[in-house]
Student: 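Quick one: the structure is below, and I'll ask about it shortly.
Quick caveat: nothing in here was measured; it's all calculated off a predicted structure.
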Amino acid sequence: MSLVETATSVSGAFDSIPIIDIEHASTHEERVALAQQIRDACVNVGFFYIKNHGIPEEIIDTALSAMKTYFSLPVETKMKLHHRQGARHRGYEPLFDSNIDKANRGDLYEAFVIGWDENPWPSEPVGFREAITEYYHAAINVGKFLYPLFALALDLPETYFDDKFKRSPVLRALHYPPQTGPEDDQIVGIGAHSDFECFTILWQEPGVQTLQVLNSKNEWINATPIPGTLVINIADLLSRWTNDIFRSTVHRAINRSGVPRYSMPLFIGVEPDVEVEPFPSCVSPDRPAKYEKINSRDYVRKRLQAMYHQGNGTSGGREEVAL
């Protein structure tokens with residue numbers, strides 16, 4: 001069945017998020033089989049878990065320990081590296097620095113944001129830079145592994161994205177304090193949103209339920225943390241590229257667990273000069289192209305301006321948001 005035919009029969013009324021084991025991908029046949037599972041997940045849900053992703057638990061545990069120590073520092077210490085001090089918005093973001101859903105009063109999380117280079121690093125805790133950087137590079141390798149599978153899932157050559165994925169992804173180390181106010185106080189971890197780029201790779205702390213995904217029935221489905229997995233979600237640029245056949249699903253984070261929650265999303269895009277228009281496999285006479293061609297850089301810039309320079313947004317042009 002073609003991609004367009006597959007999308008025709010999709011309702012979007014999912015009640016769970018699929019788990020895909022990516023351990024066996026050494027042969028082309030194995031990768032094609034994995035790509036089919038990924039296609040099904042992207043068309044029906046827009047989210048999926050992966051297990052056997054290859055990031056050692058030691059790297060994750062070291063990064064988590066470093067995050068917990070860093071975010072426990074006094075606010076005035078963390079504010080020395082406030083993200084607005086630099087042009088690339090790297091560094092520390094305090095609580096309520098953004099409000100992604102204008103129906104709310106603020107987003108209850110703090111973050112430390114890095115990219116490939118030009119990152120400001122705190123002098124304490126010792127080892128923070130090394131721990132976060134090691135996880136960052138390990139997660140990038142997962143992205144490099146996934147892009148050929150996305151290509152196969154879209155009936156494209158396996159190498160299609162090879163020359164398009166050189167742009168350095170952005171990693172956000174996140175701390176969500178527990179929400180203690182009434183449920184109608186309009187303050188959440190982060191409000192309902194979709195991501196900008198192509199896809200997101202998320203590690204979330206086991207045992208702390210926070211992330212929720214919206215289905216077509218307007219029901220919030222828990223993306224329960226599963227030990228040993230990462231969460232992958234399709235973002236808006238890849239959805240646009242697929243003529244909305246791959247679903248960029250709205251999600252939010254609400255931490256009413258009573259304990260802090262930590263996570264690390266890595267936002268994967270393409271080179272700024274890549275021209276994006278719906279793939280031929282995603283267009284038919286019955287499903288014409290919904291979008292005109294657009295430059296990747298221009299698209300992301302427009303999305304940032306719409307989100308952070310209008311209405312009540314306060315964050316001022318960040319590279320990506322939170323999970």
Side-chain angles (χ1 to χ4, degrees), residues 55-100 106-143 166-179 189-190 197 200-208 210 225 230 253 255 257 259-269 304 308 313-323:
I55 302 180
E57 284 299 315
E58 180 183 357
I59 290 179
I60 294 172
D61 291 344
T62 302
L64 175 59
S65 177
M67 289 168 60
K68 288 182 175 179
T69 304
Y70 172 75
F71 287 120
S72 70
L73 295 173
V75 172
E76 56 268 23
T77 299
K78 293 178 286 189
M79 286 293 287
K80 293 177 181 177
L81 296 178
H82 194 284
H83 70 102
R84 296 189 195 179
Q85 294 177 355
R88 306 189 73 179
H89 299 279
R90 307 283 175 79
Y92 177 67
E93 294 180 7
L95 298 173
F96 302 114
D97 192 66
S98 68
N99 184 25
I100 199 166
D107 295 327
L108 185 62
Y109 72 84
E110 56 181 341
F112 194 87
V113 185
I114 70 163
W116 186 267
D117 54 16
E118 299 182 35
N119 299 307
W121 290 102
S123 59
E124 55 180 321
V126 174
F128 179 80
R129 175 176 184 170
E130 292 76 12
I132 300 301
T133 300
E134 188 171 21
Y135 176 82
Y136 175 73
H137 288 289
I140 287 175
N141 287 335
V142 175
K166 298 177 183 179
R167 182 183 178 192
S168 303
V170 171
L171 176 73
R172 300 172 64 75
L174 293 163
H175 166 227
Y176 291 86
Q179 296 169 221
I190 185 168
E197 301 270 15
T200 304
I201 300 171
L202 171 71
W203 176 84
Q204 54 177 344
E205 185 177 15
V208 186
T210 301
L230 299 170
N255 183 13
S257 67
V259 297
R261 183 255 198 180
Y262 299 88
S263 67
M264 290 183 286
L266 181 76
F267 301 95
I268 304 285
L304 287 166
Y308 297 116
T314 58
S315 105
R318 277 191 325 229
E319 295 176 88
E320 261 296 351
V321 292
L323 279 173

Student: Could you give me the CA-CA distance, side-chain angles and deciding distance for E93 and V113, then say whether side chain to side chain contact (heavy atoms under 4.5 Å, CB included) is met?
Tutor: CA-CA 8 Å; E93 294 180 7; V113 185; 3.6 Å; yes
Student: According to side chain to side chain contact (heavy atoms under 4.5 Å, CB included), who are the partners of E76, at least two apart in sequence or on a separate chain?
Tutor: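 Counting only residues at least two positions away or on another chain, E76 forms a side chain to side chain contact (heavy atoms under 4.5 Å, CB included) with P74.
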Student: Is the distance between the ring centroids of H82 and Y92 less than 6.0 Å?
Tutor: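 No: the rings miss the under 6.0 Å criterion.
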Student: Return yes if a side-chain donor-acceptor contact under 3.5 Å exists between N255 and R261, otherwise no.
Tutor: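 No, because no side-chain N or O of N255 sits under 3.5 Å from a partner of the opposite role on R261.
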Student: Drop me the distance from I190's CD1 to D107's CG, to the nearest 0.5 angstrom.
Tutor: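 The distance works out to 5.0 Å.
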Student: Do R172 and Y109 pass the side chain to side chain contact (heavy atoms under 4.5 Å, CB included) test, and can you show the C-alpha distance, the side-chain angles, and the key distance before you say yes or no?
Tutor: CA-CA 11 Å; R172 300 172 64 75; Y109 72 84; 3.3 Å; yes
Student: Side chains of P260 and Y262: does their closest heavy-atom pair fall under 4.5 Å?
Tutor: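 Yes, their side chains come closer than 4.5 Å.
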Student: Who passes side chain to side chain contact (heavy atoms under 4.5 Å, CB included) against L95, sequence neighbours left out?
Tutor: L108, E110, P177
Student: Only counting residues at least two apart or in another chain, list the ones meeting side chain to side chain contact (heavy atoms under 4.5 Å, CB included) with S65.
Tutor: none
Student: Please, which pairs that meet salt bridge (charged side-chain N to carboxylate O under 4.0 Å, His left out) have at least one residue in residues 55-71, sequence neighbours excluded?
Tutor: K68-E205
Student: Measure the shortest side-chain to side-chain distance between I60 and I55 over non-hydrogen atoms and say whether it is less than 4.5 angstrom.
Tutor: yes
Student: Could you grab the distance from atom CH2 of W203 to atom OG of S263, nearest 0.5 Å is fine?
Tutor: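 Going from CH2 on W203 over to OG on S263, the span is 8.0 Å.
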Student: With a 3.5 Å cut-off and sequence neighbours excluded, list the donor-acceptor pairs that the side chains of residues 127-136 form with protein atoms.
Tutor:
unit_1 : atom_1 : unit_2 : atom_2 : d
T133   : OG1    : R129   : O      : 2.7
Y136   : OH     : W116   : N      : 3.1
Y136   : OH     : P169   : O      : 2.7

Student: If you apply the rule side chain to side chain contact (heavy atoms under 4.5 Å, CB included), what do you find for L171 with M264, and how did you get there?
Tutor: CA-CA 7 Å; L171 176 73; M264 290 183 286; 4.1 Å; yes
Student: Evaluate the criterion side chain to side chain contact (heavy atoms under 4.5 Å, CB included) for residue pair L266 and V142; output intermediate values, then yes/no.
Tutor: CA-CA 10 Å; L266 181 76; V142 175; over 6 Å; no
Student: State which residues pass side chain to side chain contact (heavy atoms under 4.5 Å, CB included) with V259; sequence neighbours excluded, sorted by chain then number.
Tutor: V208, S257
Student: Applying side-chain hydrogen bond (donor to acceptor under 3.5 Å, both in side chains), name anything that partners T69, two or more places apart in sequence or on another chain.
Tutor: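 Testing T69 for side-chain hydrogen bond (donor to acceptor under 3.5 Å, both in side chains), a comparison that skips the adjacent residues, returns none.
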Student: Could you give the distance from CD1 (I140) to CD1 (I268), rounded to the nearest 0.5 Å?
Tutor: 6.5 Å
Student: Look up atom CD1 in I59 and atom NE2 in H137, then write down how far apart they are to the nearest 0.5 Å.
Tutor: 11.0 Å
Student: What is the minimum heavy-atom distance between N119 and R90, and which atoms define it?
Tutor: OD1-NH1, 3.0 Å
Student: For G207 versus P225, what's the shortest heavy-atom pair and its separation?
Tutor: N-CB, 4.1 Å
Student: Mark yes or no for whether K78, through its side chain, and F71, through its backbone, hold a donor-acceptor pair below 3.5 Å.
Tutor: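 Yes; judged by distance alone, with no hydrogens or angles, the pair exists.
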Student: Closest approach of L81 and P122, non-hydrogen atoms and distance?
Tutor: CD1-N, 3.3 Å
Student: Does E124 reach the main-chain N or O of Y70 with its side chain, forming a donor-acceptor pair under 3.5 Å?
Tutor: no
Student: Identify the two heavy atoms, one from A66 and one from P125, that lie closest to each other, and give their separation to 0.1 Å.
Tutor: O-CG, 4.0 Å
Student: Might you point out which heavy atoms bring I201 and A139 nearest each other, and give the distance in Å?
Tutor: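 Looking at all heavy atoms of both residues, the closest pair is CD1-O, 3.6 Å.
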